[in-house]
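Read the structure below first, then the notes.
In listed order, ligands and their atoms are each counted from 1.
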Amino acid sequence: MQSRIQVIRGDITTMQVDVIVNAANSSLMGGGGVDGAIHRAAGPALLEACKVVRQQQGECAPGHAVITLAGNLPAKAVIHTVGPIWRGGEHNEARLLEDAYRNSLQLARDNDFHSIAFPAISTGIYGYPKAAAAEIAFHAVSDYITRRPQPEQIYFVCYDEENAGLYERLL
Ligand code: AR6
């Protein structure tokens with residue numbers, strides 16, 4: 001049987017899964033990195049959907065997650081989560097990063113999704129050290145799925161070589 005967790009090298013916007021996760025910022029209004037790539041690939045419908053969520057729920061705090069449609073993406077939906085900005089490690093960063101993974105999985109499960117793809121949240125513009133972030137990602141996801149049957153398939157999509165190497169070693 002295939003492992004429930006797989007590491008993929010590449011671009012998350014091409015993933016044919018039920019839901020992909022966006023490493024967003026609290027405004028939910030788009031940005032650079034994977035957020036920019038997802039908005040470009042999804043088209044303007046995604047920003048419109050984010051604006052509606054923003055009007056209804058306000059900003060998305062670090063560690064929290066919200067869900068929208070996926071526009072032109074192959075995925076059925078996008079979960080936008082906000083990772084912590086790295087400020088030296090003494091500002092609850094690890095806990096917030098773990099929450100970002102856990103709350104995204106919970107939202108996928110609440111929406112009855114079976115497959116989900118994550119980027120390496122916070123490890124780009126937000127500056128989280130990649131090795132530490134990879135360990136937290138694996139720990140948070142493994143811990144979640146050992147206790148729950150859904151989502152059945154989790155992909156870690158690594159865009160840069162350093163993360164790909166780290167994730168493959170952890171797997
Ligand atoms: N597919 C998968 N992973 C990607 C892709 C892609 N197409 N593009 C980049 N990555 P970042 P953060 C990886 O900076 O650190 C935005 O402006 C990248 O190699 O996208 O959480 C938001 O609006 C890195 O490992 O997100 C926020 O303001 C990982 O995605 C802020 O950046 C995360 O890098 C969030 O910063």
Self-check item: Partners meeting side chain to side chain donor-acceptor pair (under 3.5 Å) with K51 (sequence neighbours left out)
Solution: none

Self-check item: R102/D143 salt bridge by N-O under 4.0 Å criterion
Solution: no

Exercise. Sort and list the pairs that fulfil ring-ring contact (aromatic ring centres under 6.0 Å, His included) and have at least one residue in residues 55-105, not counting sequence neighbours.
Key: W86-Y128, Y101-F118

Quiz prompt | Residue pair P84 / L96: nearest heavy atoms and the distance that separates them | solution = CB-CB, 3.9 Å

Exercise. Please identify which atoms of ligand 1 are closer than 4.0 Å to at least one heavy atom of T123.
Key: 15 (O), 24 (C), 25 (O), 29 (C)

Self-check item: Point-to-point distance, once rounded to the nearest 0.5 Å, from CZ of F156 to CD1 of I121
Solution: 8.5 Å

Practice problem: Identify, for atom 30 (O) of ligand 1, the protein heavy atom at the shortest distance, and state residue, atom and that distance. | Solution: V34 CB, 3.9 Å

Quiz item: Would you find a donor on one side and an acceptor on the other, under 3.5 Å apart, between the side chain of R109 and the backbone of H114?
Solution: no

Practice problem: Identify the heavy atoms of A41 and N72 that sit nearest to each other, and give their distance. | Solution: O-CB, 3.5 Å

Quiz item: Are any of the N/O atoms in P119 less than 3.5 Å from those in ligand 1?
Solution: no

Quiz item: If you measure from atom 33 (C) of ligand 1 to every heavy atom of A120, A23, G33, which option wins on shortest distance?
Solution: A120

Self-check item: Trace of the side chain to side chain contact (heavy atoms under 4.5 Å, CB included) decision for L170 with E135
Solution: CA-CA 7 Å; L170 278 167; E135 283 194 23; 4.1 Å; yes

Self-check item: Close approach, S122 and ligand 1, non-hydrogen under 4.0 angstrom
Solution: yes

Quiz item: Just which atoms of ligand 1 are under 4.0 Å from any heavy atom in A37?
Solution: 7 (N)

Quiz prompt | Stepwise salt bridge (Lys or Arg N to Asp or Glu O under 4.0 Å) check, R4 with E152 | solution = CA-CA 6 Å; R4 287 180 67 187; E152 288 88 347; over 6 Å; no

Exercise. Kindly identify the option in L97, D35, N163 whose heavy atom sits closest to atom 23 (O) of ligand 1.
Key: D35

Self-check item: For D11, the ligand 1 atoms whose distance to one of its heavy atoms is below 4.0 Å
Solution: 1 (N), 6 (C), 7 (N)

Self-check item: Protein contact to atom 32 (O) of ligand 1 [nearest heavy atom, distance to 0.1 Å]
Solution: I125 CD1, 3.3 Å

Practice problem: Below 4.0 angstrom from a heavy atom of N25, which ligand 1 atoms are there? Numbered from 1 as shown, please. | Solution: 22 (C), 23 (O), 27 (C), 28 (O)

Quiz item: For atom 15 (O) of ligand 1, which of A24, G124, G32 has the closest heavy atom?
Solution: G124

Self-check item: Heavy atom of the protein closest to atom 8 (N) of ligand 1 (residue, atom name, distance)
Solution: Y159 CD2, 3.5 Å

Quiz prompt | Numbered atoms of ligand 1 (with element) below 4.0 Å of G31, judged on heavy atoms | solution = 17 (O), 23 (O)

Quiz item: Will you find, in the side chains of Q150 and D112, an N or O donor that is under 3.5 Å from an N or O acceptor?
Solution: yes

Practice problem: State whether the shortest distance between N or O atoms of T13 and N or O atoms of ligand 1 falls below 3.5 angstrom. | Solution: no

Quiz item: With a 3.5 Å cut-off and no angle check, do the side chains of N163 and T123 form a donor-acceptor pair?
Solution: yes

Quiz item: Among protein heavy atoms, which lies nearest atom 1 (N) of ligand 1, and at what distance?
Solution: I12 N, 3.0 Å

Exercise. For atom 19 (O) of ligand 1, find the nearest protein heavy atom and state the residue, atom name and distance (0.1 Å precision).
Key: D160 OD1, 2.8 Å

Exercise. Please write down residue, atom name and distance for the protein heavy atom closest to atom 31 (C) of ligand 1.
Key: Y126 CE1, 3.5 Å

